[in-house]
Protein chains: 2
Amino acid sequence: MAEHAQFDELARQLSAVGAVKRDLVRVLPPECPGGSAAVLTLLGRHGDMRMSKLAELLAVDLSVTSRHVAHVAARGWIERHPDPADKRSRILRLTTAGQEQLDELSRRTSQVLAERLGDWTDDEVAQLIRLMTRLRSSFGDCRSPSARPSAPVVEETTRTPAST
Amino acid sequence: MAEHAQFDELARQLSAVGAVKRDLVRVLPPECPGGSAAVLTLLGRHGDMRMSKLAELLAVDLSVTSRHVAHVAARGWIERHPDPADKRSRILRLTTAGQEQLDELSRRTSQVLAERLGDWTDDEVAQLIRLMTRLRSSFGDCRSPSARPSAPVVEETTRTPAST
DNA sequence: TATTGTTATACTCTATAACTATA
DNA sequence: TATAGTTATAGAGTATAACAATA
């Protein structure tokens, strides 16, 4: 049962890594909280996309995505164009100002990481990135619609809206 | 400048790993949100300790720690004993019920991780744990009181309380 | 009828500041 | 005066549910 202790430890690390993320978020420009930064980053990396696609990449609910997108759109960092193929959809596109904001984000977070990880080798950073990517993939795969078995493992739904 | 892209990617992974953490928190027992689970885990692992020590291990403010501790204490999972050496302090101790709750937490999170990480080797999990531990250490070291230089790197203090 | 997206509501986590009590 | 801890308040992130528009 050595694996059990390993999983306990991994759970602990996952719980604690939030502090690192907070340190990174703290250096973001004003008016640009973490949620906005994530939207800009993903749009810059993957190009124009619909809300639903962005929500999937963010791994949060569409309603959450909608709020983050409204925030960055209100500041002129992205534009929401109608989708000619589906009038319900909106195509998101980074503006020039958004690209500049994204560059600034990148500068700041990279600087912080460069300072903190000064004694890390390129290979170590690459390895951490690889393992975190795989971790997300191992979890994300279970969230696809096809991956829902007929009977859940535990039968508690926990969906009751706080019956206090 | 290959490192720059690497840091960008690491920042992205850090931002996105929250989804994994949320998946893990979702399976926790009722009445035991993530903050409570972290308190129980650290008390179980490191033994009795003071509030300030726990806050340091949690890497959150003492005020946040106080709230989490109040939550678990109200449910009988820990006890707060007066410190004979310093009447301002409180010594936290896991109760029997708290230990049982902790065992249940461990069971549930380990089960989820075992399912999701079924195709991971022990070595891969160990490596991820090692790198995450080092990441936290690389960031945490800068937070010690001695690590504050006379002049900060950038002169923006960002401490102004939102001058909107 | 199902899907895309928005909005209202509620909950968790966090930090800052003011406060009490000890040191 | 400084430190340990509590509480009040505010801000960010998220999920669920109800809704509008379109497929």
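FYI, side chains are in, hydrogens and waters are out, and symmetry mates aren't considered; it's all heavy atoms of this structure. Just so it is clear: chains get the letters A, B, ... in the order the sequence lines come, proteins before strands, and each one is counted from 1.
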Are B:V72 and B:I91 connected in the hydrophobic side-chain network, where two residues link if heavy atoms are under 4.5 Å apart? no

Among C:dT16, C:dT9, C:dT6, the nucleotide that comes nearest once only the side chain of B:D61 is considered: C:dT16

What nucleotide, of D:dT14, C:dT6, D:dA12, holds the atom closest to the side chain of A:P33? D:dA12

Between [N] atom [atom2] and [X] atom [atom1], what is the distance in whole Å?
X: B:L62; N: C:dC19; atom1: CG; atom2: P; value: 18 Å
X: A:E56; N: C:dT3; atom1: CD; atom2: P; value: 15 Å
X: A:K53; N: C:dT3; atom1: NZ; atom2: C1'; value: 18 Å
X: A:L28; N: D:dA12; atom1: CG; atom2: C1'; value: 12 Å
X: A:R50; N: C:dG5; atom1: CZ; atom2: C1'; value: 10 Å
X: A:R22; N: C:dT16; atom1: CZ; atom2: C1'; value: 15 Å
X: B:L58; N: C:dA15; atom1: CG; atom2: P; value: 10 Å
X: B:L24; N: D:dT14; atom1: CG; atom2: P; value: 17 Å

Is the phosphate of [N], meaning OP1 or OP2, less than 4.0 Å from a side-chain N or O of [X]?
X: A:R80; N: C:dT6; answer: yes
X: A:H68; N: D:dT14; answer: yes
X: A:R67; N: D:dT14; answer: no
X: A:S66; N: C:dT7; answer: no

B:T133 and B:R130: side-chain donor and acceptor closer than 3.5 Å? no

Residue-level proximity of residues 83-95 of chain A to DNA chain D when a heavy atom falls under 4.0 Å: A:D86, A:K87, A:R88

Pick base, sugar-phosphate or nothing for [X], based on heavy-atom distances below 4.0 Å to the nucleic acid.
X: B:V60; result: sugar-phosphate
X: B:G18; result: nothing
X: A:S63; result: base

Any side-chain heavy atom of [X] within less than 4.5 Å of one from [Y]?
X: A:Q101; Y: A:T95; value: no
X: A:H46; Y: A:L54; value: no
X: A:K21; Y: A:V17; value: no

Working to the nearest 0.5 angstrom, can you tell me the gap between A:L131 CG and B:M132 CE? 10.0 Å

Which heavy atom of B:A19 sits nearest a heavy atom of A:A59, and at what distance? CB-CB, 3.6 Å

